[in-house]
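First comes the structure, then the notes that go with it.
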Amino acid sequence: MKDSLLHFRPLLCCFKVSSGGRKHGFVYIRGKLISRFIKTSSVLNLYCDNQKVFVCEKAVSNFKTVTFYNRTSSFYNFSSSSRQLLSWYTLSQNAGVLVVDNGLVLHPLWVRCDMSDPAGTAWFGAEPVCMGSKVTGVKLYTVTCKESTVDKKAFITLEELKQEHKKRHHPTSMGIKGSARFNLYGSSVVENTFIVSQSSVTVDFKWSHVEHILEAPPLSSTATLNIKIASGDMRNPMFEMYRELEFLQTLADGLKTGETEWMEPLENTSAVDLTKAYIQGNCTSESDPPIFNSFVERGNLDFVEQLWIRLRKSVTSYQDVRDSLKLVIEALRYGDIKPWIHRDSSSSLSKLILQSYHQQIDHVSLSGATPITMLLEMGLDKMRKDYINYLIGEELTTLNRLNHYLSTEADLQEQVIRLRKLHHLLEIVVSCRTFLTLPYDRLFLLTQSCLDHYKTSAYDEEHEFKLQIKPALISHLYQSEHPMMWGVEVSSGQGPREVRTSLQLSNRPLVDHVTFKTDYPSEAINGDMEEPAFFSTVVCCSLVSFV
């Protein structure tokens, strides 16, 4: 890597281009090595496949603020200097040039442009073509963009795209592939108010034999769901469970920091009074408070679980927790209650209840962090059983597969993290079941994928889970919708020498460094108009062979 950077440095440093007597005198180039593009540059992701690349841009003279160039820029046209840079890059890879280091293959180079040329060029790119360890040529890319429009006649036609490819490559045969992305679940409009959601479920289609621009994906397409669910989405059936988990997290954070930020109580009655009433009612279900209508609601809650429900809705202080637990422990010690608990309960209070069956209860000092720890254990025990009840009841997994997430051998903080992962898994699966009505076999596969991911990966709501699916299963969700992105690609050649010419139509620009002007409001771009506005991006490729 260091050798590669050293070799490329002469192309980045001291690169000066005369500006034709303009006042600014020179255009300076700066470069950086990155491993992936941000999502808005997805057109480049199609060609770079997240490999490491050099990215170059015009250096900004004002170091206090960084501004990118829009089409009305009065700066020197960067297109010509970009072409010169790519020429030098190409020469540096040509083994026929004597000064070249024959053993060195550079990373691909992409140069940001300001679209000020007549073609509207946003990027130039160059990528070495290798046969084994030898560079045999360079692919040169040109990315041109147009601002959004609802006028379909403004787009390049499929025949024109084919002719552009033939003009550059003179192929004996060509392949044509289509692609499209639809939004199935994400931001929504409720009572004329646009609600932005961090959750999204999109579907990517790929197919062959494209007939015309913006054609609907055929049912023979391959389809992949991209699932990203943010916890706490109020539309999710797991929302009430999320609120319960948030209280659990509050307790865990309090143990870690020494200070607990108590949530607003959901009950008007105090925690101590609720506990007294529960004990005096001899712990019968007749006095139980109504349990929220949870998607994973159980009917076999034991004494500790029902106590947890009361306390998590009513406690507002450390003293509330301490006094409530003291009432319970005293009632156990004096034999006033003989509650039942699940055999596999593991909380400290559950163990005291087991001891009370034999009239022998250990002394518990309800001081320091002990009351909060006991309450946290009660919640962990109860919520683990909730998740087991759903996952096992729906036959989405087995207890053996859940062992990692149910283990009580890890410390309490780690147990909370694993529970959050399990909760996120449920939010993903339940969302796909409720809103997409996915069949059992797809839900089972998705569950296994989530379990495998979170067993070794950190908790991450930004992670996109992938799921292969048959288009017919979701045809009712996308066939009446407009795509977020639609593309067609003409290709020829084989292996490293394959070349492609593509058109991408999208409801958002596929480049992030240019400010686009449009006459259409954001609602139109989001697909709320009958005829949506699309940005047009064309990527052309040329192959330079070193023969």
Side-chain angles (χ1 to χ4, degrees), residues 182-203 225-253 260-268 289-298 308-316 379-380 382-387 389-391 393-394 396 416-438 443 446-447 450 454 459-465 467 474 476-478 481 484 522-523 526-528:
F182 289 81
N183 184 18
L184 303 183
Y185 175 85
S187 302
S188 61
V189 177
V190 178
E191 296 182 351
N192 296 322
T193 301
F194 187 71
I195 300 176
V196 178
S197 173
Q198 300 304 311
S199 299
S200 68
V201 180
T202 60
V203 56
L225 291 178
N226 312 294
I227 306 162
K228 186 182 76 170
I229 301 297
S231 283
D233 192 324
M234 294 183 67
R235 296 172 297 171
N236 196 302
M238 295 288 293
F239 180 68
E240 288 297 336
M241 286 292 289
Y242 169 77
R243 296 176 67 181
E244 187 172 3
L245 182 68
E246 283 297 282
F247 179 75
L248 196 79
Q249 186 67 61
T250 296
L251 297 177
D253 292 342
T260 303
E261 297 184 8
W262 299 98
M263 303 170 69
E264 284 292 322
L266 302 176
E267 287 280 353
N268 294 324
I291 300 173
F292 56 76
N293 184 23
S294 168
F295 200 82
V296 294
E297 181 180 337
R298 290 186 290 121
W308 157 261
I309 290 174
R310 289 167 169 77
L311 294 184
R312 80 104 177 166
K313 290 183 175 182
S314 59
V315 293
T316 59
L380 283 167
K382 186 262 183 186
M383 295 193 74
R384 276 194 288 256
K385 289 184 175 66
D386 289 338
Y387 298 145
N389 180 68
Y390 179 81
L391 291 170
E394 297 295 324
L396 293 173
V416 172
I417 291 172
R418 294 183 186 183
L419 193 69
R420 285 201 80 98
K421 292 179 178 181
L422 211 52
H423 177 85
H424 193 219
L425 180 156
L426 260 293
E427 286 186 312
I428 292 167
V429 173
V430 169
S431 293
C432 289
R433 173 182 171 177
T434 305
F435 298 109
L436 307 185
T437 61
L438 294 188
L443 294 175
L446 179 59
T447 302
C450 293
Y454 269 144
Y459 180 80
D460 180 14
E461 294 180 19
E462 291 298 312
H463 179 76
E464 270 192 349
F465 290 92
L467 182 67
I474 54 170
H476 62 289
L477 296 173
Y478 74 84
E481 298 294 326
M484 302 170 61
S522 59
E523 289 81 3
N526 283 322
D528 293 336

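Sequence positions, counted from 1, serve as the residue numbers for this chain.
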Sorted by chain and number, sequence neighbours left out, salt bridge (Lys or Arg N to Asp or Glu O under 4.0 Å) with E461 holds for none

Separation between CG (L443) and CD1 (I428), nearest 0.5 Å, reads 12.0 Å

Is there a side-chain contact between D386 and L426 (heavy atoms, below 4.5 Å)? no

Residues passing the side-chain hydrogen bond (donor to acceptor under 3.5 Å, both in side chains) test with R420, sequence neighbours excluded, are E246, Q249

Taken in chain and number order and not counting sequence neighbours, the residues that satisfy side-chain hydrogen bond (donor to acceptor under 3.5 Å, both in side chains) with T316 are D320

Are a donor atom and an acceptor atom from the side chains of H423 and Y242 found within less than 3.5 Å of each other?
no

With sequence neighbours left out, the residues meeting side-chain contact (heavy atoms from CB on, under 4.5 Å) with T437 are H476

Residues at least two apart in sequence or cross-chain that pass side-chain contact (heavy atoms from CB on, under 4.5 Å) with Y454, listed by chain then number, are Y405, K421, H424, Y459, F465

In short, E427 meets G232 closest at the heavy-atom pair OE2-N, 3.4 Å

OG of S431 to CD1 of I227, rounded to nearest 0.5 Å, is 9.0 Å

| said: What I'd like to find out is whether the side chain of F247 reaches to under 4.5 Å of the side chain of R243, using heavy atoms alone. | reply: no

Practice prompt. Check the pair M383 / L245 against side-chain contact (heavy atoms from CB on, under 4.5 Å), numbers first and verdict last.
Written response: CA-CA 8 Å; M383 295 193 74; L245 182 68; 3.9 Å; yes

Heavy-atom closest pair (K382 atom, R298 atom, distance to 0.1 Å) is O-NH2, 3.5 Å

Taken to the nearest 0.5 Å, the spacing of K385 NZ from L380 CG works out to 10.5 Å

Handout entry: Flag side-chain contact, heavy atom, 4.5 Å: M263 against R312
Key = no

Between the OH atom in Y390 and the CG atom in L396, the distance rounded to the nearest 0.5 Å is 6.0 Å

Quick one: does M484's side chain get under 4.5 Å of T202's, heavy atoms only? yes

Taking the side chain as C-beta and beyond, is there a heavy-atom pair between F435 and V430 under 4.5 Å? no

Contacts of S314 meeting side-chain hydrogen bond (donor to acceptor under 3.5 Å, both in side chains) (sequence neighbours excluded), chain-then-number -> none

message = I'd like to know if the side chain of S199 and the backbone of A230 have a donor-acceptor N/O pair within less than 3.5 Å.
response = yes

message: Is the shortest side-chain heavy-atom distance between I474 and L225 below 4.5 Å?
response: yes

Are I229 and Y185 packed together at the side-chain level, in the sense that at least one heavy-atom pair is separated by less than 4.5 angstrom?
yes

With a 4.5 Å limit on heavy-atom distance, are the side chains of L391 and L425 in contact?
-> yes

One should read off an interatomic distance between M241 CE and Y387 OH, to the nearest 0.5 angstrom, of 4.0 Å

Between the CG atom in L251 and the OG1 atom in T260, the distance rounded to the nearest 0.5 Å is 6.5 Å

